[in-house]
Number of protein chains: 2
Amino acid sequence: MDKLSLDTLGRHLQSLRLARGLSLSQLAAAAGIAKSNLSRLEAGNGNPTLDTIWRIAVQLEVPFSQLVEPVSAPVEEEGIQVRLIDRGGDTPQVDVYWMSCAPHILRVAETHTPGAQESVMVISGELEAGLEGETRLLGPGESHTFPADQPHLYRTGETWATLLVTIVYAAQGDVL
Amino acid sequence: MDKLSLDTLGRHLQSLRLARGLSLSQLAAAAGIAKSNLSRLEAGNGNPTLDTIWRIAVQLEVPFSQLVEPVSAPVEEEGIQVRLIDRGGDTPQVDVYWMSCAPHILRVAETHTPGAQESVMVISGELEAGLEGETRLLGPGESHTFPADQPHLYRTGETWATLLVTIVYAAQGDVL
DNA sequence: TTTGCTCGTTCGATATATGGAACGCTTTAT
DNA sequence: ATAAAGCGTTCCATATATCGAACGAGCAAA
């Protein structure tokens, strides 16, 4: 296995542990593993068992993929990057976009077909979005829905923001 | 570690392998592990090393959270296809999946981390989703949000359904 | 200072995950 | 029919992940 992955595992472990103010001994005890084991893992040596990873992940309260998979760094682009995820059929048509915004951008969206609704779900970072004058500040996991046929905007602050944008073209029913 | 998790790992492994038309021997050889090892893992016994899991995940071409975490498990029923769209960082972590369901499938999802919230946005088709006994019938552009740490289900009717599933792992803020 | 506590690391012993060679079974070819 | 090749499983030897104990360092209270 890639040695790099073990390194990242170690660094993730340590940073997550420190972020929670836990000592190595405390975490090891809480997880029910030997601290010698945890020590080696944080050092980047070792090749933990699923059982071990599981116990640690439970204690750190993270889905365990977070321990081993590299943090997705925002692509080095300027401005805004948009990707069409999927597009539904008719009645009503639904478009889903994945979107990544650099810090300090302001985007005033064009108006769409009358009756269209737009939903924004923030995946990571922070984003201000909504109708002009009625925007909301959204963090990860938060969402906002507004009419897409009126001028609306996206604005980022100090950080990158990744989000999903869903556009429903025929106004209908409840939307998120 | 939870024996249940090892079972699910085994079932995931086998279903993913079969879905790709690989024999156990082939996969083991391709991944560079002994087939005795893989055999034991699929049987639900054993406690694989991170190295082993990694090698298998690479060969199956799945982000390896798919092997162990419940949401993206097209296990028992075929006819469900799941793709990880994006994954946010910490505080809170947000996972976004694209999902396609065949007609007449019923999927009872396992529980995630306590406090997790799950949002379903239907892109096309129709889908019944929500907590057991509190499901809602959703059409294109409609969405539903419910706690993900309780048993919940997806059910399709006569048609295919395409949807987005967003999981927010740390309960926090409005998810309406 | 000394004592006592906790920290993270390192060491040897043990438990066990892995690899490799059998095995019996089924399928395909001769 | 027999042979040959592939399948998945089960055994044992070995590599190694884990454990528990001992260690030195840092810190606070006596």
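Order of the sequence lines sets the chain letters (A, B, ...), proteins ahead of strands, with each chain counted from 1.
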Within the 4.0 Å limit for protein heavy atoms, which parts of nucleotides 7-14 of chain D are touched? Write it as a string from 5' to 3', B for base, S for sugar-phosphate only, - for none. SBBB----
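The ring pair (Phe, Tyr, Trp, His ring centres under 6.0 Å) search around A:Tyr154 returns none, not counting sequence neighbours. Taking B:Glu134 as the reference, nothing meets the side-chain hydrogen bond (donor to acceptor under 3.5 Å, both in side chains) condition, with sequence neighbours excluded. For B:Glu132, the side-chain hydrogen bond (donor to acceptor under 3.5 Å, both in side chains) criterion is met by no residue, not counting sequence neighbours. Looking at residues two or more places apart in sequence or on another chain, you find no side-chain hydrogen bond (donor to acceptor under 3.5 Å, both in side chains) involving A:Arg40. Scanning for side-chain hydrogen bond (donor to acceptor under 3.5 Å, both in side chains) contacts around A:Ser36 gives an empty result, with sequence neighbours left out.
A:Ile33 has its CD1 atom 11 Å from the C1' atom of D:dA17, to the nearest Å. Between the CG atom of B:Asn47 and the P atom of D:dT16 there is a distance of 17 Å, rounded to whole Å. Atom pair A:Asn45:CG and C:dG8:C1' shows a separation of 14 Å (rounding to whole Å applied). For A:Leu13 and C:dG8, the CG to C1' distance is 15 Å, given to the nearest whole Å. Rounded to an integer number of Å, the gap from B:Leu27 CG to D:dG6 C1' is 16 Å.
Regarding contacts with the backbone of C:dT16, every side-chain N or O of A:Thr49 stays at 4.0 angstrom or more from both OP1 and OP2.
The one candidate from B:Arg136, B:Arg107, B:Arg155 that meets the salt bridge (charged side-chain N to carboxylate O under 4.0 Å, His left out) condition with B:Glu128 is B:Arg155.
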